[in-house]
Each structure stands twice: as C-alpha cells, then as structure tokens.
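Everything on this sheet refers to the single structure shown next.
Position 1 is the first residue of the sequence; numbering continues from there.
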Amino acid sequence: MSKLQELMTVVSQREVACNIYELVVKGDLVQEMKLPGQFLHLAVPQSSMLLRRPISISSWDKATSTCSLLYRIGDETTGTYALSKLTQGEMVDVMGPLGNGFPISEVTQKDHVLLVGGGIGVPPLYELAKQLEEKDCQMTVLLGFATENVKILEAQFARINNVTLRVATDDGSYGYKGHVGMLMEELALEPTAVYTCGAPGMLKAVARKYDHIERLYISMESRMACGIGACYACVEHDRKDPNHALKVCEDGPVFLGKQIAL
Ligand SMILES: Cc1cc2nc3c(=O)[nH]c(=O)nc-3n(C[C@H](O)[C@H](O)[C@H](O)COP(=O)(O)OP(=O)(O)OC[C@H]3O[C@@H](n4cnc5c(N)ncnc54)[C@H](O)[C@@H]3O)c2cc1C
Ligand code: FES
C-alpha cells in the first residue's frame with residue numbers, strides 16, 4: 001500500500017559544503033520512490049514553523065530503505081537550519097515521495113543525454129544519472145556553482161559510467177570560469193534529450209537553447225504550502241493556455257519544456 005507520510009529515522013547528517021547538508025533518512029517511503037526528481041516534504045522540528053520544507057530526493061537505495069537529501073540552510077531563524085540540527089537516530093516527519101519526476105522510460109542506448117544543473121538544483125540530477133547509467137546511453141553532465149565552497153556531488157557524478165562531466169564556477173575558483181549556461185553554449189554536440197534543474201535564469205537559458213528538443217525536461221521550484229495540489233500556492237502558467245494553472249507540487253516539479261512559460 002502506498003504510504004504518504006512517515007516518521008523516518010535519521011541515519012546520518014553532515015555538512016558536505018559551505019551551509020549545505022546531506023541528510024540520510026530511512027523508512028518505508030523509500031520503497032514508493034519511482035522517478036528521479038520527486039521530492040519530500042519535511043516537517044521542521046520546531047512547532048512554531050508549520051509549513052513543511054520541500055526538498056528533492058538526491059538518491060535512494062531500496063535495499064536499505066534509505067534516501068539522501070542535499071539542502072542549503074538559511075540563518076538560524078529558518079526551518080532548514082532547524083532541520084540541520086537533527087542527529088542520528090532522531091525522527092523526522094516526512095510526506096512523500098511527491099510530484100512527477102524526470103521521465104526516463106524512452107531513453108535508449110542510442111541517446112546522448114544532456115544534464116544541466118546549477119547550485120542546489122544539482123541533487124535530483126544525481127539519482128537521474130544513476131538511473132540513466134543503467135540505460136547505457138551517453139551522458140554529458142554540466143554543473144555550475146557560485147564558487148568552489150558550494151560545489152557538491154562532483155565525485156559521485158564522476159564515478160558514473162559513460163559520463164562526460166564539466167564543472168563551472170561563477171568566480172573561476174574551480175573548473176571553468178563562468179556560469180553553466182556559458183559551458184552549455186560551447187557544447188559541440190546535439191543532445192537527443194535534455195534534463196535540467198537549477199536557478200530560474202539557468203532554466204531560461206536551457207529552455208531557449210533547446211526549445212526544439214521534444215524531450216526537454218525542466219524541474220521547477222516554487223513556494224509551497226500543502227505540497228499535494230490542494231492549496232494552489234505553487235502555480236505556474238501553462239504555456240499553451242495562460243489561463244490554466246499548473247501546480248508545481250502535483251503536475252511538476254518536472255515539466256516538458258513546451259508545457260511551461262519561463
Ligand atoms: C520541488 C522543490 C524541490 C526543492 N529541492 C531542494 C533541494 O534539493 N535542496 C535545497 O536546498 N532546496 C530545495 N528546494 C528549496 C527549499 O525548499 C527552500 O530552500 C526551503 O524551503 C527554504 O526553507 P528555509 O527554512 O531555509 O527558509 P525560510 O525562510 O524559513 O522559509 C519560509 C517559507 O518559505 C519557503 N521557501 C523559502 N525559500 C523557498 C524556495 N527557494 N523554494 C520553495 N519554498 C521556499 C519555505 O518552504 C517556507 O515555507 C526545493 C524547492 C522545491 C519547491
Ligand atoms: S503547494 Fe499546495 S497546491 Fe502546490
């Protein structure tokens with residue numbers, strides 16, 4: 001039976017980059033995870049903060065019923081800061097897995113897939129790359145960060161087969177100097193499918209360059225409340241019908257490029 005809410009157990013938590021934490025949790029919900037790009041809605045362990053925090057699933061392991069989340073914390077008044085204080089063995093109230101993730105069923109060995117990720121949009125692309133590895137397709141992965149201190153998951157992507165990986169930092173402290181859109185503009189290849197997650201400016205650049213590609217998948221972010229499609233806090237305009245609202249939590253967070261107006 002599908003579970004939607006669970007008290008999951010914290011397996012580990014550590015700071016993996018400046019103000020970015022990796023939280024590993026264990027519970028039955030992991031067995032319900034289907035597509036990379038789905039998210040969990042985490043209750044903040046502080047009663048004054050009622051709204052849950054949506055965080056993408058970075059990777060999962062069904063054999064151990066564990067999954068990993070990477071998230072950036074705010075100052076001490078924020079819910080993410082309170083979440084970062086959770087330690088091994090504590091419980092965290094989780095809803096999920098929620099939303100529609102990145103479709104991968106059509107990918108075959110013949111594809112050359114491009115993944116473009118920026119900052120704290122990179123984590124869901126990691127589970128995606130792990131699953132695409134099993135399809136035996138070629139992958140080019142472009143990751144952009146503000147600076148080296150906030151670079152995440154590079155070593156994990158580098159371990160995946162058939163991946164050509166390039167990393168950019170805005171200030172040039174690591175890898176290519178410039179934003180990830182510049183790296184993308186320099187690409188010589190024509191991908192057959194594109195998957196992206198990151199800041200709105202980066203998503204716009206990817207959408208502009210690859211608008212002609214049918215399998216262009218864009219993961220969106222929005223302020224959320226209910227997380228399950230009931231409150232309409234997270235709406236985006238439908239590109240085909242501006243009067244129609246798309247809900248990021250329920251219809252997304254991943255949309256086809258042609259569905260959304262960026
Ligand atoms: C589908 C989805 C997946 C996400 N995945 C990740 C991830 O993997 N890693 C990560 O670091 N962040 C992710 N985010 C952003 C993350 O949810 C916000 O950074 C976080 O909620 C901010 O909470 P806070 O406690 O730090 O801030 P506060 O200032 O305490 O938040 C106040 C309220 O604003 C909301 N809010 C603030 N900033 C954002 C934001 N950028 N997006 C949505 N709601 C926001 C909070 O959820 C909360 O309800 C994701 C957002 C969405 C919608
Ligand atoms: S957050 Fe309530 S409808 Fe999306």
Side-chain angles (χ1 to χ4, degrees), residues 2 4-5 23 29 32-44 49-60 67-74 78-80 83 93-105 115-128 131 144 180 193-208 210-211 213-262:
S2 170
L4 195 66
Q5 190 174 356
L23 173 65
L29 281 185
E32 308 299 326
M33 293 177 182
K34 291 186 183 73
L35 288 180
Q38 290 185 294
F39 67 96
L40 297 180
H41 219 18
L42 273 68
V44 177
M49 297 193 201
L50 295 178
L51 292 178
R52 290 171 180 269
R53 299 316 192 246
I55 305 289
S56 304
I57 303 160
S58 177
S59 64
W60 65 70
C67 68
S68 158
L69 312 171
L70 272 84
Y71 65 99
R72 181 168 52 216
I73 65 165
T78 60
T80 48
L83 279 168
D93 179 346
V94 177
M95 270 170 64
L98 297 173
N100 289 303
F102 292 110
I104 51 168
S105 62
L115 276 55
V116 187
I120 209 64
V122 168
L125 298 181
Y126 177 49
E127 178 65 35
L128 174 66
Q131 296 203 17
V180 70
V194 179
Y195 297 80
T196 187
C197 186
M202 190 205 81
L203 298 182
K204 263 189 199 157
V206 177
R208 218 178 301 124
Y210 294 112
D211 198 37
I213 291 193
E214 186 65 22
R215 285 181 291 160
L216 165 62
Y217 302 107
I218 299 174
S219 182
M220 301 287 291
E221 225 185 68
S222 168
R223 296 261 167 161
M224 289 186 181
C226 73
I228 52 169
C231 73
Y232 284 75
C234 63
V235 291
E236 290 285 334
H237 287 301
D238 188 324
R239 190 159 152 188
K240 287 207 182 103
D241 176 5
N243 295 319
H244 179 239
L246 293 167
K247 288 176 271 186
V248 173
C249 68
E250 191 183 36
D251 302 315
V254 176
F255 295 95
L256 268 173
K258 65 182 177 197
Q259 279 181 292
I260 44 163
L262 281 168

Between atom [atom1] of [X] and atom [atom2] of [Y], what is the distance when rounded to the nearest 0.5 Å?
X: L4; Y: L98; atom1: CG; atom2: CG; result: 6.0 Å
X: L246; Y: C234; atom1: CG; atom2: SG; result: 9.5 Å
X: L216; Y: L256; atom1: CG; atom2: CG; result: 7.5 Å
X: M224; Y: R53; atom1: CE; atom2: CZ; result: 13.0 Å
X: S59; Y: L69; atom1: OG; atom2: CG; result: 8.5 Å

For [Y], is there any backbone N or O sitting under 3.5 Å from a side-chain donor or acceptor partner on [X]?
X: N100; Y: V254; answer: no
X: Q38; Y: M33; answer: no
X: R52; Y: H41; answer: yes
X: T80; Y: G74; answer: yes
X: T196; Y: V116; answer: yes
X: Y71; Y: I120; answer: no

Between [X] and [Y], which heavy-atom pair has the shortest distance, and what is it?
X: A233; Y: S222; result: O-OG, 4.2 Å
X: G99; Y: P253; result: CA-CD, 3.9 Å
X: P97; Y: I57; result: CB-CD1, 4.1 Å
X: L83; Y: A43; result: CD2-O, 3.7 Å

Audit row: V206, I218, side chain to side chain contact (heavy atoms under 4.5 Å, CB included) steps and yes/no: CA-CA 9 Å; V206 177; I218 299 174; 5.8 Å; no

For the residue pair [X] and [Y], establish whether any side-chain heavy-atom pair is separated by less than 4.5 Å.
X: M49; Y: L51; answer: no
X: W60; Y: P36; answer: yes
X: E221; Y: V248; answer: no
X: I55; Y: L23; answer: no
X: I228; Y: M95; answer: yes
X: V180; Y: M202; answer: yes
X: F39; Y: C249; answer: yes
X: V194; Y: Y217; answer: no

Applying ring-ring contact (aromatic ring centres under 6.0 Å, His included) between F102 and each of Y195, Y126, F255, report the one that passes.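 Going through Y195, Y126, F255 one by one, the ring-ring contact (aromatic ring centres under 6.0 Å, His included) with F102 is satisfied by Y195 alone.
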
With side chain to side chain contact (heavy atoms under 4.5 Å, CB included) as the criterion, how do C67 and L40 come out once you've worked through the C-alpha distance, each side chain's angles and the decisive distance to 0.1 Å? CA-CA 10 Å; C67 68; L40 297 180; 3.9 Å; yes

For atom CZ of R72, decide whether the heavy atoms of other residues, nucleotides or ligands shown that lie under 6.0 angstrom number more than 12.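 Incorrect, the count does not exceed 12.
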
Is there a side chain to side chain contact (heavy atoms under 4.5 Å, CB included) between I260 and M220? Walk through the geometry before answering. CA-CA 9 Å; I260 44 163; M220 301 287 291; 3.5 Å; yes

Under the side-chain hydrogen bond (donor to acceptor under 3.5 Å, both in side chains) rule, collect the residues that match up with R239, sequence neighbours excluded.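 Applying side-chain hydrogen bond (donor to acceptor under 3.5 Å, both in side chains) to R239 gives D211.
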
Show the numbers, then the answer: is there a side chain to side chain contact (heavy atoms under 4.5 Å, CB included) between D93 and Q5? CA-CA 7 Å; D93 179 346; Q5 190 174 356; 2.9 Å; yes

